[in-house]
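What follows is a single structure, written as structure tokens, with notes after it.
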Amino acid sequence: KKAQTSEAKVFYHKMKGDYYRYLCEITTGEELKKYQEIAQEAYTKASELCKYINILNPTKLSIALNYSVCYKYCSTKSSRTQRRFLFQKS
């Protein structure tokens, strides 16, 4: 079933980005590059679609947060290694 409202479409693309961002955290090599591209495309599409949604909408705010997390932590293997190390220490 297709999303009918712009907020539903935004939410779909945000969730798609989240899913592939999570896959980026556990993969390496060519798969990692593929998942990074898909996550980037999904977050970009969600950002484009949410231009007309209220700035205080929780979905719009979560896109900004999750996109920044994707950009920061999914781009290099060393950052994932550092994050795992921090979780193991706590």
Within 6.0 angstrom of F11 CZ, more than 12 heavy atoms from elsewhere = no
Beyond-backbone contact of Y52 with S6, side-chain heavy atoms, under 4.5 angstrom = no
message = When you compare the side chain of K60 with that of I55, does any pair of heavy atoms fall below 4.5 Å?
response = yes
key: K33 and E30 ion-paired at < 4.0 Å   = yes
What distance separates [X] [atom1] from [Y] [atom2], expressed to the nearest 0.5 Å?
X: E7; Y: N57; atom1: CD; atom2: CG; value: 4.5 Å
X: D18; Y: L23; atom1: CG; atom2: CG; value: 11.0 Å
X: K9; Y: C50; atom1: NZ; atom2: SG; value: 14.0 Å
X: L49; Y: K51; atom1: CG; atom2: NZ; value: 9.5 Å

inquiry  = Can a donor-acceptor pair be found, under 3.5 Å and without considering hydrogens, that links the side chain of K14 to the backbone of S62?
reply    = no
inquiry  = Whether the side chain of Y12 engages the backbone of A46 through a donor-acceptor N/O pair (distance < 3.5 Å, no angle test) should be reported.
reply    = no
key: Side chains of Y20 and Q36, donor plus acceptor under 3.5 Å   = no
request  = Indicate, with yes or no, if Y19 and Y35 share a hydrophobic cluster defined by side-chain heavy-atom contacts under 4.5 Å among Ile, Leu, Val, Met, Phe, Trp and Tyr.
outcome  = yes
query = Applying the 4.5 Å side-chain criterion to the ILVMFWY set and letting contacts propagate, would I53 and I63 be lumped into a single cluster?
reply = yes
inquiry  = Which residue in the set K16, H13, R21, E48 passes side-chain contact (heavy atoms from CB on, under 4.5 Å) when paired with Y43?
reply    = R21
message = For a quick test of reading the model, state the closest non-hydrogen atom pair linking A39 to G17 and the distance between them.
response = CB-O, 3.8 Å
